[in-house]
Protein chains: 2
Amino acid sequence: MKLSVRGEYALRAMQVLARDFQEDDSVVRIQEISEKQNIPKRFLEQILNDLKSAGVVQSKRGVAGGYRLKRKPEQITLAEIIRHIEGPLAPVSCVSEKYYEKCSCPDESRCAIRAVMKELRDSIVQVMEATTLADLADRARALEQQPLNPHDFMI
Amino acid sequence: MKLSVRGEYALRAMQVLARDFQEDDSVVRIQEISEKQNIPKRFLEQILNDLKSAGVVQSKRGVAGGYRLKRKPEQITLAEIIRHIEGPLAPVSCVSEKYYEKCSCPDESRCAIRAVMKELRDSIVQVMEATTLADLADRARALEQQPLNPHDFMI
DNA sequence: TTAATCTCTACTATGTCAATAGTATTTTTG
DNA sequence: CAAAAATACTATTGACATAGTAGAGATTAA
């Protein structure tokens with residue numbers, strides 16, 4: 001059920017771009033994202049390049065180059081990012097809406113596991129479609145306000 | 001976010017054992033599970049062996065040998081099975097209750113992604129903890145009643 | 001022209017999926 | 001009681017995907 005490291009890095013990189021997003025053409029260097037998030041730089045390059053072909057980010061080459069979100073943070077969901085990096089959100093492909101593949105079981109229509117996996121897919125998709133990069137940035141800003149570990153504030 | 005093939009096979013095998021479960025000492029042969037579910041036999045052996053050390057099934061060797069659930073189907077959840085086969089249910093280890101691991105991000109307590117992943121973990125755990133092998137067997141029986149593909153019955 | 005940056009391709013290491021082969025145990029049968 | 005057959009058990013191996021590294025090239029600003 002785990003996200004791949006690739007997928008996790010992608011989300012963390014997008015969180016940085018979302019947090020620093022401005023309407024002008026300002027970009028953030030790979031180096032900077034890499035340092036802020038402890039992500040291996042060369043690996044991050046590949047991931048950002050993927051997200052570029054996916055239309056999530058755009059890049060500027062050369063000396064003052066870097067990456068920025070191609071659309072507003074409100075218009076990019078976590079689901080979109082993960083689908084481009086990892087493929088289906090569904091735990092098994094036979095319940096995927098966007099990447100359906102027949103599974104090896106004898107009769108999908110009578111597979112009880114498939115029924116449960118559909119429920120699971122729905123809850124996963126629900127969360128990932130509902131959360132945009134803008135939400136992420138808002139939350140990040142809120143968390144930055146807290147001076148200490150949030151556990152200390154739980155009543 | 002995908003289940004490994006191993007995990008999927010484990011669930012499908014347990015579905016068979018749950019469906020055929022009886023209070024006596026009857027066992028089901030690997031061969032039979034393998035045929036019913038189109039799972040490579042030799043691979044299934046390894047998976048069932050894992051589930052044996054996990055205390056989910058028990059085995060009987062020799063001519064009339066095979067596998068059976070070690071406990072009643074009501075007492076085995078999908079969460080237990082997947083945790084033993086795959087490890088954490090959480091999409092990233094830094095939000096796992098049972099298998100927590102520090103992640104590489106600079107400050108977990110201020111990571112917005114982590115907050116979202118926690119929500120996701122909760123919905124996943126909710127479904128997997130709530131579903132027992134008895135539920136699966138009930139659903140399987142109900143689906144067997146339906147003569148045709150359930151899509152045909154949706155209004 | 002130089003330096004900083006992204007881009008592209010290739011390579012390595014590790015882990016997972018799956019198949020293969022052989023071993024150990026139990027029941028049946030002669 | 002011993003041999004044979006059926007079954008679970010264990011270890012090894014190869015193919016493929018994932019994670020990460022490396023080098024050379026292309027583009028841009030100063």
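Naming: A, B, ... by sequence-line order, numbering from 1 per chain. Given the structure is predicted, the values throughout are model-derived calculations rather than measurements.
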[N] [atom2] sits how many Å from [X] [atom1], rounded?
{"X": "A/Glu86", "N": "D/dT18", "atom1": "CD", "atom2": "P", "result": "9 Å"}
{"X": "A/Arg61", "N": "C/dA3", "atom1": "CZ", "atom2": "C1'", "result": "15 Å"}
{"X": "B/Glu35", "N": "D/dT7", "atom1": "CD", "atom2": "C1'", "result": "14 Å"}
{"X": "A/Leu17", "N": "C/dC6", "atom1": "CG", "atom2": "P", "result": "11 Å"}
{"X": "B/Lys2", "N": "C/dG15", "atom1": "NZ", "atom2": "C1'", "result": "17 Å"}
{"X": "A/Lys60", "N": "D/dA29", "atom1": "NZ", "atom2": "C1'", "result": "8 Å"}
{"X": "B/Asp50", "N": "C/dC17", "atom1": "CG", "atom2": "C1'", "result": "13 Å"}
{"X": "A/Asn38", "N": "D/dA19", "atom1": "CG", "atom2": "P", "result": "17 Å"}

query: Got a second to check how far B/Arg12's CZ is from A/Cys103's SG, nearest 0.5 Å?
result: 5.0 Å
query: Taking only side-chain nitrogens and oxygens of A/Ser59, does any of them come within less than 4.0 Å of OP1 or OP2 of C/dT5?
result: no
- prompt: Can you find a side chain N or O atom of B/Ser4 that sits less than 4.0 Å from OP1 or OP2 on C/dC17?
  reply: yes
- request: Find which nucleotide of DNA chain D each of A/Glu45 and A/Arg6 is nearest to by heavy atoms, and output the residue with the more 5' nucleotide.
  value: A/Arg6
Comparing A/Val5 and A/Ala64 on DNA chain D - which has the more 5′ nearest nucleotide: A/Val5
field: Note: B/Asp50-B/Arg6 ion pair, threshold 4.0 Å (strictly below)
entry: yes
salt_bridge(B/Glu119, A/Arg139) N-O dist < 4.0 Å: yes
Could you check whether [X] gets within reach of a base, just the sugar-phosphate, or nothing at all, counting any heavy atom under 4.0 Å?
{"X": "B/Gly62", "answer": "base"}
{"X": "A/Leu48", "answer": "nothing"}
{"X": "A/Gln31", "answer": "nothing"}
{"X": "A/Lys41", "answer": "nothing"}

Taking the side chain of [X] as heavy atoms from C-beta outward, which of [options] is closest to it?
{"X": "B/Tyr9", "options": "C/dT7, D/dA19, C/dA18", "answer": "C/dA18"}
{"X": "A/Phe43", "options": "D/dA11, D/dA19, D/dA22", "answer": "D/dA19"}
{"X": "B/Arg29", "options": "C/dT7, D/dA8, D/dA22", "answer": "D/dA8"}
{"X": "A/Ile30", "options": "C/dC6, D/dA29, D/dG20", "answer": "C/dC6"}
{"X": "A/Asn49", "options": "D/dA29, C/dC6, C/dT7", "answer": "C/dT7"}
{"X": "B/Arg42", "options": "D/dA19, D/dA11, C/dG22", "answer": "C/dG22"}
{"X": "A/Pro40", "options": "D/dT21, D/dA8, C/dA18", "answer": "D/dT21"}

task: Measure from the side-chain N and O atoms of B/Tyr9 to the backbone N and O of B/Pro40, and report whether any donor-acceptor pair falls under 3.5 Å.
output: no
field: Expected output: side-chain B/Glu86 to main-chain B/Ser4 donor-acceptor under 3.5 Å
entry: yes
message: Show, in sequence, the C-alpha distance, side-chain angles and deciding distance for A/Arg121 and A/Glu97, and conclude whether the salt bridge (Lys or Arg N to Asp or Glu O under 4.0 Å) test is met.
response: CA-CA 9 Å; A/Arg121 177 207 59 188; A/Glu97 292 279 348; 3.3 Å; yes
